**Student:** 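Please see the structure below; I have some questions.
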Amino acid sequence: MTEQKKMSRIGVFDSGIGGLTVARELISQFPKTDLVYLGDTARLPYGAKSPETVTRYAVRCVQFLIDAGVDQVVVACNTASAHAIPTLRTIFKGIPILGVVAPGARVAVSASKSGVIGVLGTEGTVSSKSYPRAIHALQPDAKVLSLAAPLLVPLAEVGWLDHDVTRLALRTYLEPLFESAPDMDTLVLGCTHYPALKSTIDAVCSSLDRPMTLVDSAEAVTAVLAPTLQDSKARRRICVTDLPDRFHRVAATFFGDTISEVEHVDIT
Ligand code: DGL
């Protein structure tokens, strides 16, 4: 078996704050990793933008992270993972670039007993069909049903993680999805914000009598990264492309801890 190259400074980017769920998981598993996080808050949301626009933004984000000295990049944003990975790998050849779609698909395929898998994501992620493609590459006879659930993003951002409005939105999205697929047993949380809602999603699935195995892309991508990471000095740099104040206020919801400093950077 060939030994994997060890990386010491990892870059994570997202359209905004949601990717902190990935940074949080990474730090909780590997507390000694150096991490640079970029939230492209000036251009958020990516979820309703065209593949070309999202790819253009993603190229700028990765360039920023490379200039900041990272030796590996995680595209935490599902929409950017869905649209931009091939272009990013072509442009930035020497840097390993990992998206969340392939790891999430792998976990979903191994978790599902029935082979019927649901995917929740942004409009962009769903229309790209990247999750069904990645799942079918592993299990050609899998049945994949995808649903755009854009309202969940602002609900998570205002911190309504366990709120009647969020439960109602979830029931409204999930009921028809479950009715159309009685054998569905696995649900991919295909958006950075959804892991923050995981326990509410779990409770709503149970209340509809449809318990699901929930696939969290933050956990899935961290498992893939594990063999590549090596201990470093646990330095953190958290950057955003728009004013940091709002990001700073809601960051703890996603990060699970307070963030001492959020830096404003210009990547235009
Ligand atoms: N980060 C995006 C994703 O995971 C959600 C927020 C947005 O639309 O930019 O798809």
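Counting starts at 1 for both ligands and their atoms, following the listed order. Only a predicted model underlies this, so the values are computations on that prediction, with no experimental measurement involved.
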**Student:** With sequence neighbours left out, what residues match T53 under side chain to side chain donor-acceptor pair (under 3.5 Å)?
**Tutor:**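 Scan of T53 (side chain to side chain donor-acceptor pair (under 3.5 Å), adjacent residues dropped) gives S50.
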
**Student:** Cation-pi between R24 and F255: NZ/CZ under 6.0 Å from ring centre and within 45° of the ring axis?
**Tutor:**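 No.
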
**Student:** Is it true that G16 lies under 4.0 Å from ligand 1, counting heavy atoms only?
**Tutor:**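 No.
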
**Student:** Under 4.0 Å between a Lys/Arg side-chain N and an Asp/Glu carboxylate O for D34 and R235?
**Tutor:**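 Between R235 and D34 there is a salt bridge, with a charged N closer than 4.0 Å to a carboxylate O.
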
**Student:** Under 3.5 Å, is there a donor-acceptor pair between the T79 and T122 side chains?
**Tutor:**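 Present: a donor and an acceptor within the cut-off.
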
**Student:** Under the salt bridge (charged side-chain N to carboxylate O under 4.0 Å, His left out) criterion, do K198 and E219 qualify, and how do the steps go?
**Tutor:** CA-CA 12 Å; K198 200 170 171 183; E219 284 171 14; 3.0 Å; yes

**Student:** Please list the nearest protein heavy atom to atom 6 (C) of ligand 1 with its residue and the distance rounded to 0.1 Å.
**Tutor:**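 Going atom by atom, the protein heavy atom closest to atom 6 (C) of ligand 1 ends up being S15 OG, 3.6 Å.
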
**Student:** I'd like to check whether H193 has a polar contact with ligand 1, where a contact means an N/O of the residue lying under 3.5 Å from an N/O of the ligand.
**Tutor:**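 Between H193 and ligand 1, no N or O pair is found under 3.5 Å apart.
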
**Student:** Quick one: does T21's side chain get under 4.5 Å of Y194's, heavy atoms only?
**Tutor:**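 No; the side chains remain at least 4.5 Å from each other.
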
**Student:** Identify, by atom number and element, the atoms of ligand 1 in contact range of Y46, meaning under 4.0 Å from any of its heavy atoms.
**Tutor:**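 By the 4.0 Å cutoff, the relevant atoms are 7 (C), 8 (O), 9 (O).
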
**Student:** Which of the listed options, T79, L44, T41, D40, holds the heavy atom that is closest to atom 3 (C) of ligand 1?
**Tutor:**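 That would be T79.
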
**Student:** With a cut-off of 4.0 Å, which atoms of ligand 1 are near a heavy atom of C191?
**Tutor:**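 Listed by number with element, the hits are 3 (C), 4 (O), 5 (C).
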
**Student:** Look only at interatomic distance and state if G47 has a nitrogen or oxygen under 3.5 Å from any nitrogen or oxygen of ligand 1.
**Tutor:**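 Yes; the residue has a nitrogen or oxygen that sits under 3.5 Å from a nitrogen or oxygen of the ligand.
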
**Student:** Could you tell me which atoms of ligand 1, counted from 1 in the order shown, lie closer than 4.0 angstrom to a heavy atom of D14?
**Tutor:**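 Once the distances to D14 are compared, the set is 1 (N).
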
